[in-house]
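This report concerns only the one structure given below.
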Number of protein chains: 2
Amino acid sequence: MEPVSTEQVAAFRRFNRYFTRRIGVLNDHYLGQDRPLGEARLLFEISENPAGVSLRELRSRLGLDAGYLSRMAKALQAQGMVRLRTHPDDNRLRMIELTPAGRVEVKEQNRRADTLASDVLRGLTAPQRQQLTDAMATARRLLRLAAITVELVDGHAPDARACLDAYAADLDARFPEGFDKADLVRPGQVSGDAGAFFVAYEEGRPVGCGALRRLEPGVGEIRHVWVHPDARRLGLARRLLAAIEHESLRRGWNVVRLDTHAVLTEARAMYRACGYQEIPAYSDHVYGQHWFEKRLAP
Amino acid sequence: MEPVSTEQVAAFRRFNRYFTRRIGVLNDHYLGQDRPLGEARLLFEISENPAGVSLRELRSRLGLDAGYLSRMAKALQAQGMVRLRTHPDDNRLRMIELTPAGRVEVKEQNRRADTLASDVLRGLTAPQRQQLTDAMATARRLLRLAAITVELVDGHAPDARACLDAYAADLDARFPEGFDKADLVRPGQVSGDAGAFFVAYEEGRPVGCGALRRLEPGVGEIRHVWVHPDARRLGLARRLLAAIEHESLRRGWNVVRLDTHAVLTEARAMYRACGYQEIPAYSDHVYGQHWFEKRLAP
DNA sequence: CGATTCCTTTGACTAAAGTCAAAGATTATG
DNA sequence: CATAATCTTTGACTTTAGTCAAAGGAATCG
């Protein structure tokens, strides 16, 4: 991997410093106006899960100490902002959710945060506002992408299966004829010498996958490249593809093939953009309607 | 001014939330590794002023309580990071500056912040890194611009004179023949009915100016449009120009003229882009070599 | 079914962050 | 030149944030 240019590091830090000093401080100030910042943040995080969320989950998401969280939850409960109950299936877990009063409070928090944002934007002309929000969207997209890691996992791993289930549900909704899970690779086909399975993780959660399996000597097949709806348009599919191609090459499978369904037009465009060429049918997968091949440069 | 679109507010907040949660937290963690965050921030702020800075100044810049700051300064002094002395001209003020040990400490802080930035950037391809840092630069530019206010001040105001002094020094360096301060407008010419003076402020500091004065009935003259070197390339000159034009129109001076020196090519380009047309000489200012006019639409 | 692991609560702390007001030394101002 | 204003220091707090360990109830595993 190429080294990072010092000019880029400097630009990154300039932004970082400016933003945290200007916006970050204001933000915390607004947020922590009528209660401690920690409580305000907790309240906000709870509001992100309207159906309630376990303390366990919050603890890992916010990186809080168990005792600390327990006390904050109690304080919020005493203020009538949240309701605590035990998890129906597991009595060790405590579920926390907003009360109507809590929802009002969060609404007020949001109103304040909106005010902060509008106040900043109001200082700009309409095209400048658009430019700013576009730049922010680009920066967020790339920051997210930078934080996502692609890892080789065993085909039997729960995360692998979870991704495949989500993938199957996705296709079932998109294909006019539906999707039959029988078409999924079996764990053994993408483990060990037979193949490989990659899972992309964002902040610990699996958000994408891709499989490689041995098709014939020197030829690998790419299957089940999928990205979670929340992680689309980041450029993650290309990253998965690159990881799979790299693995294929490592195994000496210098050619990779794949097939895809007619309705997945964006996928076809991506494969073409990544150097894949459409070829005649090489298999009779139920859902294969376009076939691609790429010769990998060592 | 047009209202701010909710989509833009949402995009702003999405970024805000993501950035503070991801980068802000990491940053604070790195920074506060071997001393309290407050002290680390203070140390950094002091390092920005190699010649030393008064506690007074730090207090207003960081928004700290006087007592709190005094104690932190004492703590840093005890650790051998800073030296405290009284201001030569005003014995009430205390000046604070880094010791060699303090400079080493700040260097280490910087090294860690650089590491954080490179670690993030390393997760991207070279073009993506460039895209990210470009987006950050754009965002910073616009955030700065949004925070700058343009205010009408009296021509005698100290900030107005300070800007004109800086303007004069600037031109003296750029004009081959130098610049004589006698050419500057007199305070009376840009106050009351005779004219107006605008100063642009960024975080309390004057960073630009522009003057309007009555040339003849119905015609105003724009003079001394200047932007501090640190605030250039933000689009501030256009903002100053817009404020002056608005004021001119308000007074019923529907035409504005200005002249500029041949070496200021960017200025000429800007005037043209803002709707100014080159006209024959309308005055015999010593430094006027190009003349412009704009008819203001009511 | 007994040991182990999980999750939460509680007690007992500590450190950091921040506030307020009084007091002392200087400087500006009418 | 007296008075007011400015700036820093100090004492005496409070609140927030965070840590650690013990303990108890509940699920899981062999």
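Every chain is numbered from 1 and lettered A, B, ... according to where its sequence line falls, protein lines coming before strand lines. Values below: every heavy atom of this structure, side chains too, minus hydrogens, waters and symmetry copies.
Residues from residues 65-76 of chain B with heavy atoms under 4.0 angstrom of DNA chain D, sorted by number: A66(B), G67(B), S70(B), R71(B), K74(B). The stretch residues 23-35 of chain B has no heavy atom under 4.0 Å from DNA chain C, so no residue of it qualifies as close. Residues of residues 86-93 of chain B that place a heavy atom closer than 4.0 Å to DNA chain C, in numerical order, are D90(B), N91(B), R92(B).
Summarising the geometry, the separation between CZ on R41(B) and C1' on dA16(C) is reported as 12 Å, rounded to the nearest angstrom. Following rounding to the nearest Å, E57(A) (CD) and dT8(C) (C1') show an atom-to-atom distance of 16 Å. As a whole-Å value, the separation of E39(A) CD from dG18(D) P is 13 Å. One atom, CZ of R56(A), and another, P of dT5(C), lie 16 Å apart when rounded to the nearest Å. The interatomic distance linking Q77(A) (CD) with dT8(C) (C1') rounds to 13 Å, in whole Å. Taking atom CZ on R59(B) and atom P on dT9(D), their separation rounds to 10 Å, with Å as the unit. One interatomic measurement links the two molecules: CG of L42(A) to P of dA17(D), which rounds to 11 Å at whole-angstrom precision.
The listed nucleotides are dT16(D), dA17(C), dT8(D); the one nearest the side chain of L55(B) is dT8(D).
Under the 4.0 Å criterion applied to side-chain N and carboxylate O atoms, R112(A) and D34(A) are assigned as salt-bridge partners. Under a 4.0 Å N-O distance rule, the pair R59(B)/D65(B) does not qualify as a salt bridge. Between D119(A) and R122(A) there is a salt bridge, since a side-chain N of the basic residue sits under 4.0 Å from a carboxylate O of the acidic one. A salt bridge is defined here as a Lys NZ or Arg NE, NH1 or NH2 lying under 4.0 Å from an Asp or Glu carboxylate O, and E97(A) with R85(A) meets this definition. The pair R205(B)-E202(B) fails the salt-bridge criterion, with no side-chain N (NZ, NE, NH1 or NH2) lying under 4.0 Å from an Asp/Glu carboxylate O.
Across all strands shown, L64(B) has no heavy atoms under 4.0 Å from either base or sugar-phosphate atoms.
With 3.5 Å as the limit, one finds no donor-acceptor pair spanning the side chains of Q109(B) and Q33(B).
Closest of all the heavy-atom pairs between L98(B) and R83(B) is O-NH2, 4.0 Å.
Heavy atoms of other residues, nucleotides or ligands lying less than 6.0 angstrom from CG of D230(B) number more than 12.
Of the possible donor and acceptor atoms, one in the side chain of T99(A) sits under 3.5 Å from a partner among the backbone N and O of M81(A). Side chain of T133(B) to backbone of F12(A): no donor-acceptor contact under 3.5 angstrom is found.
For the pair W226(B) and C163(B), the minimum side-chain heavy-atom distance is below 4.5 Å.
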